[in-house]
Amino acid sequence: MAGESLTVDHLSVVFQARGGNHAAVRDASFEVGSRRMVGLVGESGSGKTATGLALLGLHDPSTTTIGGSARFGETELLGLPPQAANRLRGSIVGMIFQDPMTALNPLLTIGTQVSETIRIHEGLDRRNARERAIEILARVGLPDPAGRYRRYPHELSGGLRQRAMIAAAIACRPRLLVADEPTTALDLTIQAQILTLLRTLCVDEGMSVLLITHDLGVVGAVCDDVVSMYAGEVVEIGPTKEVLDRPRHPYTARLMASRPRIDGWDERLDVIPGRVPSASSSPTGCLFRPRCRQAREVCEETQELVTLSAGRRVRCIRAVEPDQVSFGAAAVAP
Amino acid sequence: MSGRLLEVRGLSVDYRVGRGRLRAVDEVDVDLRRGESLAVIGESGSGKSTIAGALLRLLPIANGTMTFDGLDWASLRGAPLRRERHRMQFVPQDAGSSLDPRWRVRESVTEPLVVAGTATREARERASEMLERVGLEPPLQERFPHQLSGGQRQRVAIARALLSDPRLVICDEAVSALDVSLQAEIVNLLVELRAERGLTYLFITHDIALLPYIADRVIVLYLGRIVEFGAVRDVLDHPQHPYTQGLLSSLPDAFPAGGVNKPVRGEIPDPANPPFGCRFHPRCPVAVDKCSSIDPNTVVVASDHAAACHLVSSTDEPTNPAAPRTSVPSSLLRKARS
């Protein structure tokens, strides 16, 4: 069991629409090591959620073409027939979403939704499944789990609903948990509690976690590694501390600099001019080039994701030049 | 004319729930000087938006007085209220749902001016100028709300709020739904507009990290009561109330590397049954016996910095709570910090 990791290899997700093809994810490769928590960051439209949904086989095959592979241990997660994908979801891979109000069924009690997974995957009868479900509700920090078992989603606060959704996702002890912006809609205090819970699950239960977020602060708080995505491409990968202290891709650096900081004073926030290119366009060269202050002629050529050291990869020409400059604080100061 | 733009004393707001009443805002004092920016922070359920609703005269108030721009604001009714409403404007969290989906955004921005009696042609021109000022080029002004991005819709809401030359702009979580980079753009825009037009803001947010950028002073609200207030830098650097301290340690930046920190435990209680004594005591890590029985007084700890906590010791005689500070030049403060 131990030692399994997720390896995503040349993943592409293309939506077919009337207007043509929209590439949401372009040739993305990264790993989520065993028992590690990895943050997948980027702005809206960077392909984060499309990546997460692909791992769970949740894209509609009639409108989406998925390429590449994603293996968890020995198990291939992509391109499975529906029944096989159903077996994996919940038992090997679990997912939680930003808005538990829409992800949970409003007509079923919390208990039904948590025990359902257990009954389906582990074949337990109603009573045993109920016991297990209550245990799990307690495990995710839901006060009065036996009472809350009988409650409907609308009877819980946002934070407690999020805990209930985590309970449903981990009920069958999946080894990989994909969490898509699980704290974005929550108060800071509740966000801190949920992040702490996810970190505890990762450490204590040996679960690998892919945490999708637009907030690098959240990544810095709980993740071991970072994968930074821009316009469907992976642009930077590395251990959290290294990447946040010394981002080597200008996009990651600018994303860092645009965060408000509590020790900031009266200064303007750094803004990344322009927008993520539309998924329907097929730009060439470095995709970040139109918004990059350091862009040069050479950036019009296609940039590869280059390995700088073990676990540290960057898709930027400047990162591999001998006299490269760090894109840390100095480069982003006005 | 004095520098005081808004003076609220003992504001209470009730909601009817079933047969009973729920006090969402309890005896709150707010002072705002012209040109100042005041932030109100707290979790969902703390009463932040209820204060906004009461100030905007959208919610009936149970108690208290409001003096705004020289008017007895709380007792204005009917036609006089409608005539004066333009003095206070509102920027909501989700501009998408506050714009008519069937109207082009320029029409939505023009309408309030026309209603107020401006000639249609002039109103259109001014709306167009204002939209351009907030960063919406003419072709975008002819679009419908659903054809704009979240950031662009937020710009429309700002333009509409500013068009009537308001004395006070209330921003209720105006940047909370945006991505970090977009959030930065809108925050910068609000800061620029304030400097350019001498605007006064009441900025409601749950994101404490925004405070240094958008506010001079801050009120920390918990279950309808003010638990701490002061100059932003004082409150952030020397938080007095355990709740403020908890909010600060809930920031992702405050997490120890790769580890687990001690966030505020539990959740905000049901305002229909607020805890006895200090309302924060069930979640407070340092609560003592009297916290569950006696309401704490507001203790002044420095000039214009006070907290309502039994464990905070006074350095000064209590003065008028929430009184505006005498402003200290930011250069001095910056020096003091480094």
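On a predicted model such as this, the values are computed, not experimentally measured, just so you know. Residue numbering restarts at 1 for every chain, and letters A, B, ... go by the order of the sequence lines.
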If I measure from the heavy atoms of chain A, does [X] come under 4.5 Å with its side chain, its backbone, both, or neither?
{"X": "Leu178(B)", "answer": "backbone"}
{"X": "Leu182(B)", "answer": "side chain"}
{"X": "Leu248(B)", "answer": "side chain"}

Tell me, for Leu216(A) versus chain B, whether the close heavy atoms (under 4.5 Å) come from the side chain, the backbone, both or neither.
->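 Contact with chain B: none, neither part.
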
Tell me, for Glu43(A) versus chain B, whether the close heavy atoms (under 4.5 Å) come from the side chain, the backbone, both or neither.
->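 Both parts, backbone and side chain.
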
How close do [X] and [Y] get, heavy atom to heavy atom, and via which atoms?
{"X": "Ala209(B)", "Y": "Pro260(A)", "result": "O-CB, 3.5 Å"}
{"X": "Ala221(A)", "Y": "Pro252(B)", "result": "CB-O, 3.5 Å"}
{"X": "Leu188(A)", "Y": "Leu251(B)", "result": "CD1-CD2, 3.9 Å"}
{"X": "Ala184(B)", "Y": "Ser258(A)", "result": "CB-O, 3.8 Å"}

From [atom1] ([X]) to [atom2] ([Y]), nearest 0.5 Å:
{"X": "Ile268(B)", "Y": "Thr189(A)", "atom1": "CD1", "atom2": "OG1", "answer": "8.0 Å"}
{"X": "Ser157(A)", "Y": "Asp270(B)", "atom1": "OG", "atom2": "CG", "answer": "11.0 Å"}
{"X": "Leu269(A)", "Y": "Leu189(B)", "atom1": "CG", "atom2": "CG", "answer": "12.5 Å"}

Main chain of [Y], side chain of [X]: is a donor-acceptor contact present, judged purely on distance under 3.5 Å?
{"X": "Asp187(A)", "Y": "Ser44(B)", "result": "yes"}
{"X": "Gln193(A)", "Y": "Val264(B)", "result": "yes"}
{"X": "Tyr213(B)", "Y": "Ile262(A)", "result": "no"}

Among [options], which residue has the highest count of heavy-atom pairs closer than 4.5 Å to chain A?
{"options": "Asp207(B), Val187(B), Ile208(B)", "result": "Ile208(B)"}
{"options": "Gly150(B), Gly266(B), Gly45(B)", "result": "Gly266(B)"}
{"options": "Glu267(B), Glu192(B), His206(B), Gln183(B)", "result": "Glu267(B)"}

Which one, Leu195(A), Ile272(A), Leu160(A), leads in non-hydrogen pairs under 4.5 Å with chain B?
->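 Ranked by heavy-atom pairs under 4.5 Å with chain B, first place is Leu160(A).
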
Are the charged groups of Arg275(A) and Glu185(B) less than 4.0 angstrom apart, N to O?
->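 Judged by the 4.0 Å cut-off on N to carboxylate O distance, Arg275(A) and Glu185(B) do form a salt bridge.
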
Non-hydrogen side-chain atoms of Val191(B) and Arg268(A) separated by less than 4.5 Å |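 Side chain of Val191(B) against side chain of Arg268(A), heavy atoms only: no contact under 4.5 Å found.
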
